[in-house]
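Note that the coordinates shown come from a computational prediction; the quantities given were computed from them, not determined experimentally.
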Amino acid sequence: MSVTNPQALPTSAVIAVVGTGAMGAGIAQVAATAGHVVKLLDNRPGAAAKAIEGIRAQFGKLADKGKMSADAAQAAGARLI
């Protein structure tokens with residue numbers, strides 16, 4: 001039996017995450033993995049770019065461990081803006 005979630009956002013929905021600390025970065029990672037384009041915002045100069053770099057590195061580690069394919073890691077990282 002397949003259950004669908006009528007509350008789920010379509011992957012065409014762009015997600016904005018305000019604040020790029022541990023929680024914001026985690027939310028952004030999950031949303032990008034799920035197929036959403038994710039816009040990261042932070043009031044600290046350079047914080048969003050640093051978070052994107054860290055999340056992309058995490059995707060690389062997951063690919064290295066075989067937990068996601070290299071193509072999926074690359075695609076998810078590309079969805080972070």
Side-chain angles (χ1 to χ4, degrees):
M1 180 169 138
S2 176
V3 177
T4 59
N5 183 352
Q7 302 293 322
L9 290 173
T11 56
S12 62
V14 177
I15 306 297
V17 177
V18 179
T20 58
M23 184 179 286
I27 292 167
Q29 181 177 338
V30 169
T33 301
H36 294 280
V37 170
V38 182
K39 174 72 176 168
L40 288 108
L41 306 161
D42 200 297
N43 66 347
R44 296 170 294 149
K50 185 175 178 181
I52 289 171
E53 182 181 311
I55 297 165
R56 287 180 177 155
Q58 185 62 33
F59 285 141
K61 289 177 186 177
L62 291 169
D64 290 344
K65 292 179 181 180
K67 299 200 181 235
M68 69 187 317
S69 71
D71 289 342
Q74 178 68 26
R79 287 190 285 271
L80 299 168
I81 58 173

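- T33 OG1 to Q58 CD: the interatomic distance, rounded to the nearest 0.5 Å, is 9.5 Å.
- Closest non-hydrogen pair, R56 versus L80, comes out as NH2-O, 3.1 Å.
- Judged by distance alone, with hydrogens and angles left aside, the side-chain atoms of R79 form no donor-acceptor pair with the main-chain N or O of A31 at under 3.5 Å.
- Note that NZ of K50 is 11.0 Å distant from CG of D42, once rounded to the nearest 0.5 Å.
- The hydrophobic cluster around I81 extends to V14, V37, counting ILVMFWY residues whose side-chain heavy atoms fall within less than 4.5 Å of a member.
- To the nearest 0.5 Å, atoms CG (L40) and CD1 (I15) are separated by 11.0 Å.
- Cluster note: L41 groups with V18 through ILVMFWY side-chain heavy atoms spaced under 4.5 Å, whether in direct contact or through intervening members.
- When every heavy atom of A34 is checked against every heavy atom of T11, the shortest pair comes out as O-CG2, 3.4 Å.
- The heavy-atom pair separating I55 from A25 by the smallest distance is CD1-O, 3.6 Å.
- Taking every heavy atom of both residues into account, A32 and A76 meet most closely at CB-O, 3.6 Å.
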